Number of protein chains: 2
Amino acid sequence: MSLPHAILTALLEKPSSGLELTRRFDKSIGYFWSATHQQIYRELGRLEEAGLIRALPSEVPVRGQKKEYEVLPDGSAELARWVGERQDPKTVRDPLLLRIRAAAVVGPQGLEAELRRHVGLHRRQLETYEAIEEKDFPPGRRSDEDRLHRLVLRGGIALETFWLTWLEEALAEVGEIALPAPGAGGGAA
Amino acid sequence: MSLPHAILTALLEKPSSGLELTRRFDKSIGYFWSATHQQIYRELGRLEEAGLIRALPSEVPVRGQKKEYEVLPDGSAELARWVGERQDPKTVRDPLLLRIRAAAVVGPQGLEAELRRHVGLHRRQLETYEAIEEKDFPPGRRSDEDRLHRLVLRGGIALETFWLTWLEEALAEVGEIALPAPGAGGGAA
DNA sequence: GAAGACATGTAAAGAGTTACATGATTAT
DNA sequence: ATAATCATGTAACTCTTTACATGTCTTC
């Protein structure tokens, strides 16, 4: 139940139309909560229905016409409530870790290349984050808002760093397993 | 599309009934791919339908009777294919990071307590992993299978460590923000 | 006026969660 | 025999993903 709150946050930061939100979810907000335009439009409808946001009146609200939304007081209140809500971390579901475990029973064919590919992806993401940190958060006095935004970004940086470190270890292990004489290290198939 | 492969892996490690699988998904396998018994039973049905697994004949297969499954050659082949498949990491969706961002616009009320609670949860999980590492992977020669299992476990350990480190940083930031004179540091509501 | 970009949607299928239903076995 | 537990399953709902549909605006 986080998508509505992601949208409320984005709209409080800046009132936007559905497509503008979609674009923002492709960057900053999307770095820790991704969403497609279909999800966003549906959720905007629900939030409006629930009285948490409203469409700015001005334009004629017909299909194909831009429709901007802003957050109503009830929306802010709901978001504030949610910030302090008790909510356990999601159970882990990581396909890559699962694939390692699968490789332990059917052999690691193809796994090494895939690990290397992931290294590249995480490296690129880390570079993106680091560029943002340098650009948006130069050293010096920071507002509370800046500090929290930076905190989130540093979470992303630490997460990517974790992956890169672990992937290096994984490549070392898988590399050694792939080495032994052909026919010895293979799987059950 | 990882649940079927998680089940294939578990069944290759040891043929099991639905409930036995459920129990195993509550521990080892569940540490990186969780699933409920409803998901498992549904998926067992699909996998059997697809000819990737089969129920061991012996028992009468009526409701309330234990039914054990084993993996067929097609199932092993599918799993081996999947191990090397090209598959991008899932886009990040983390409610806690999102809540920090929300706190930047509506204020951090209640957030500090929630962060502390998460510290406790991650600390406990880390202890669980470390106990497993000590018990199942003592120093010394290890089989390929053991090495891969340990690699997965070390991923879990590093992930929990990341969270604990980041949460500490987060508590420091949120603590400093909560300090200023009442009425000054609050949100928009 | 045709093409391409902008903007908002609908439909359907896959995946996960929560609540409930039912039969079999075991212990008291 | 009754209750508790084991074991398998159904149903309904929510969230996410993918593909498609439709209308408007701008530009050449």
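Keep in mind that what you see is a predicted model, and the values were worked out from it rather than measured. Labels below follow one simple rule: chain letters A, B, ... track the order of the sequence lines, proteins then strands, and each chain is numbered from 1.
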Pick the nucleotide of DNA chain D nearest each of Thr91(B) and Gly18(B); which residue has the one closer to the 5' end?
-> Gly18(B)
Please report the shortest heavy-atom distance between Pro15(A) and Glu68(A), naming the atom on each side.
-> O-OE2, 3.9 Å
Atom CE of Met1(B) and atom P of dT16(D): how far apart are they, to the nearest Å?
-> 19 Å
Glu168(A) atom CD, over 12 foreign heavy atoms within 6.0 Å | no
Less than 4.0 Å between a side-chain N and a carboxylate O, is that true for Arg86(A) and Glu114(B)?
-> no
Rounded to the nearest Å, what distance is computed from the NZ atom of residue Lys90(B) to the P atom of nucleotide dT18(D)?
-> 13 Å
Whole-Å distance between dA15(C) P and His37(B) NE2?
-> 19 Å
State, without any angle test, whether Glu145(B) and Ser143(B) hold a side-chain donor-acceptor pair at a distance under 3.5 Å.
-> no
Separation of dC25(D) atom P from Leu19(A) atom CG, nearest Å, is 15 Å
Of all heavy-atom pairs between Glu160(B) and His122(B), which one has the smallest distance, and what is that distance?
-> OE1-ND1, 2.5 Å
Before accepting this row, confirm whether a basic side-chain N of the pair Arg23(A)/Glu20(A) lies closer than 4.0 Å to the acidic partner's carboxylate O.
-> no
For DNA chain C, find the residues of residues 38-48 of chain A with a heavy-atom distance under 4.0 Å and give them by number; none if there aren't any.
-> Gln38(A), Tyr41(A)
Figure out the CD/P separation between Glu49(B) and dG9(D), and round it to whole Å.
-> 13 Å
Measure the distance from NE2 on His5(B) to C1' on dA15(C) and round it to the nearest whole Å.
-> 14 Å
In whole angstrom, what separates Leu56(A)'s CG from dT8(C)'s C1'?
-> 16 Å
Measure from the side chain of Lys66(A), starting at C-beta and using heavy atoms only, and say which of dT8(C), dT18(D), dC6(D) lies closest.
-> dT8(C)
State plainly whether the residues Glu78(B) and Arg81(B) are in salt-bridge range, i.e. N to O under 4.0 Å.
-> yes
Between dT16(D) and Arg93(A), is there an OP1 or OP2 to side-chain N/O distance shorter than 4.0 Å?
-> no
Under 4.0 angstrom, heavy atoms only, what part of the nucleic acid is Ser17(B) near: base, sugar-phosphate, or nothing?
-> sugar-phosphate
Tell me whether the OP1 or OP2 atom of dG9(D) has a side-chain N or O from Lys67(B) closer than 4.0 Å.
-> yes
Rounded to whole Å, the CG-C1' distance (Asp88(A) to dT17(C)) equals 15 Å
